[in-house]
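Throughout, a chain's letter reflects where its sequence line sits, starting with A, and its residues are numbered from 1.
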Amino acid sequence: MTVLPREFYLQETCAVARELLGKTLVRQTPEGPLAGTIVETEAYLTGDPASHAFRGPTPRNSPMFGPPGHAYVYLSYGVHEMLNLVTGPVGVGEAVLIRAAWPTEGLPLLRANRRLPPDAPAREIASGPGKLAQAFGITRALFNGSDICNPSGQLMVLDAPPVPGEEMVQTTRIGITKGAESPWRYYIKDNPAVSRR
DNA sequence: CTCTGGATTGAC
DNA sequence: TCAATCCAGAGG
């Protein structure tokens, strides 16, 4: 499998969010590889009041305005790290939040990172953005602003066959107050790792 | 400088 | 239903 090229992230942000479904998130760690199938995403667009980039560039959101194919990682509620993939050309502040993944490789280490028991079901490992970042060991210190198109890097997304349209669902985003009506959340129908509340 | 409010989660 | 726990960003 090949690493998704930078051009992939230059498509319209909603298209990127949709097409990321089914692709493979890979984290190389000193203890071995971690991987999972992306099953849930959200798009954050220009002019979107829910986006960190809504009021223009700031120190925190600067990766969103940088080149596509880089990570934007931030701390939510003072507790959880969130992984976004930057889309669009330099100067455009858009990104896709990776909300959930179905673990496929390195399950013992993923569980250990999450402090789950060794027999915890796979669906509990990365069924939410904070859980996903914790499971994959993704932190601001390690990955904010880092290039995710480098095949020899520690974080990347591998190409995979597209998910059939009838297996995709598009709905409103989760956990936001502003821009709550916009249907920019995408997930794979019936996948147990999709977040819920 | 102070203050407010989250793109969440897990415990109560 | 609520606290945990941090800090960006707005307003003075």
Side-chain angles (χ1 to χ4, degrees), chain A residues 9 12-18 20-21 25 36 38-66 68 70-88 92-103 110-146 148 155 157 169-188 191-197:
Chain A
Y9 302 97
E12 189 201 352
T13 298
C14 285
V16 175
R18 203 175 342 105
L20 275 171
L21 296 180
L25 179 69
I38 296 170
V39 300
E40 181 181 355
T41 61
E42 284 179 0
Y44 286 85
L45 310 180
T46 299
D48 171 6
S51 172
H52 286 180
F54 182 56
R55 296 161 198 280
T58 64
R60 177 176 63 162
N61 67 24
S62 63
M64 290 183 73
F65 290 90
H70 286 245
Y72 167 47
V73 184
Y74 73 94
L75 186 65
S76 180
Y77 289 91
V79 180
H80 296 101
E81 312 268 353
M82 305 275 145
L83 171 66
N84 296 258
L85 306 184
V86 175
T87 61
V92 173
E94 304 198 347
V96 173
L97 172 69
I98 309 301
R99 286 193 55 92
W102 177 256
L110 288 166
R111 288 191 185 91
N113 286 344
R114 283 260 291 129
R115 308 183 180 197
L116 290 170
D119 59 344
R123 67 167 180 277
E124 294 181 5
I125 292 176
S127 53
K131 300 176 187 177
L132 180 146
Q134 186 181 35
F136 283 81
I138 294 166
T139 62
R140 286 168 297 166
L142 286 178
F143 292 109
N144 189 33
S146 70
I148 52 163
L155 185 64
V157 183
V169 181
Q170 175 175 191
T171 55
T172 51
R173 295 172 295 181
I174 290 186
I176 53 174
T177 51
K178 294 161 279 190
E181 340 70 43
S182 301
W184 297 330
R185 171 177 178 240
Y186 302 87
Y187 65 90
I188 298 181
N191 190 288
V194 171
S195 68
R196 49 213 153 188
R197 186 100 261 239

The side chain of [X] lies closest to which of these nucleotides: [options]?
| X | options | value |
| --- | --- | --- |
| A:M82 | C:dA8, B:dA7, B:dT8 | B:dT8 |
| A:P129 | B:dT8, B:dG10, C:dC7 | B:dT8 |
| A:Y72 | B:dA7, C:dA8, B:dT9 | B:dA7 |
| A:V79 | C:dA4, C:dG9, B:dG10 | C:dA4 |
| A:H52 | B:dT8, B:dA7, C:dC7 | B:dA7 |
| A:T58 | C:dG9, B:dT8, C:dA10 | C:dG9 |
| A:R140 | C:dC7, B:dT8, C:dG9 | C:dC7 |

Can you check whether [X] has a side-chain N or O nearer than 4.0 Å to OP1 or OP2 of [N]?
| X | N | answer |
| --- | --- | --- |
| A:T177 | B:dG5 | no |
| A:R55 | C:dG9 | no |
| A:R99 | B:dT8 | yes |
| A:K178 | B:dA7 | no |

Confirm from the modelled atom types if A:Y77 and B:dA7 form a donor-acceptor pair under 3.5 Å, side chain to base only.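 No.
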Under 3.5 Å, is there any donor-acceptor pair linking the side chain of A:R197 to the base of B:dG10? yes
Main-chain N/O of [Y] paired with [X] side-chain donor or acceptor, under 3.5 Å:
| X | Y | result |
| --- | --- | --- |
| A:R111 | A:A120 | yes |
| A:N61 | A:G56 | yes |
| A:R114 | A:E124 | yes |

Can you tell me the distance, in whole Å, between the [atom1] atom of [X] and the [atom2] atom of [N]?
| X | N | atom1 | atom2 | result |
| --- | --- | --- | --- | --- |
| A:E40 | B:dA7 | CD | C1' | 11 Å |
| A:K131 | B:dA11 | NZ | P | 11 Å |
| A:L83 | B:dT8 | CG | C1' | 15 Å |
| A:Y74 | B:dG6 | OH | P | 12 Å |
| A:E124 | B:dT9 | CD | C1' | 13 Å |
| A:H80 | C:dA3 | NE2 | P | 17 Å |
| A:L132 | B:dA7 | CG | P | 18 Å |
| A:Q134 | B:dT8 | CD | C1' | 12 Å |

Is it the case that over 12 heavy atoms from other parts of the model lie below 6.0 angstrom from the CZ atom of A:R115? no
Reckon [X] touches a base, only the sugar-phosphate, or nothing at all at heavy-atom distances under 4.0 Å?
| X | result |
| --- | --- |
| A:S195 | nothing |
| A:R114 | sugar-phosphate |
| A:I176 | sugar-phosphate |
| A:R173 | nothing |

Suppose you measure atom [atom1] in [N] against the same atom in [M]; what distance do you get, rounded to whole Å?
| N | M | atom1 | value |
| --- | --- | --- | --- |
| C:dT5 | B:dC12 | P | 14 Å |
| C:dA10 | B:dA7 | P | 13 Å |
| B:dG5 | C:dC2 | C1' | 16 Å |

Report yes if some heavy atom in the side chain of [X] is under 4.5 Å from a heavy atom in the side chain of [Y]; otherwise report no.
| X | Y | answer |
| --- | --- | --- |
| A:Q170 | A:Y187 | no |
| A:L83 | A:L155 | yes |
| A:E40 | A:W102 | no |

Want to know the stems of DNA chain B: at least 3 consecutive Watson-Crick or G-U pairs with distances under 3.5 Å, which are they? B:1-6 with C:6-11, B:8-11 with C:1-4
Testing the basics here: between A:S195 and A:R185, what is the closest heavy-atom pair and its distance to 0.1 Å?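 Distance-wise, the nearest heavy atoms are O-NH2, 3.4 Å.
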Using side chain to side chain donor-acceptor pair (under 3.5 Å), reason through A:E94 and A:T46 one step at a time and then give a plain yes or no. CA-CA 6 Å; A:E94 304 198 347; A:T46 299; 2.8 Å; yes
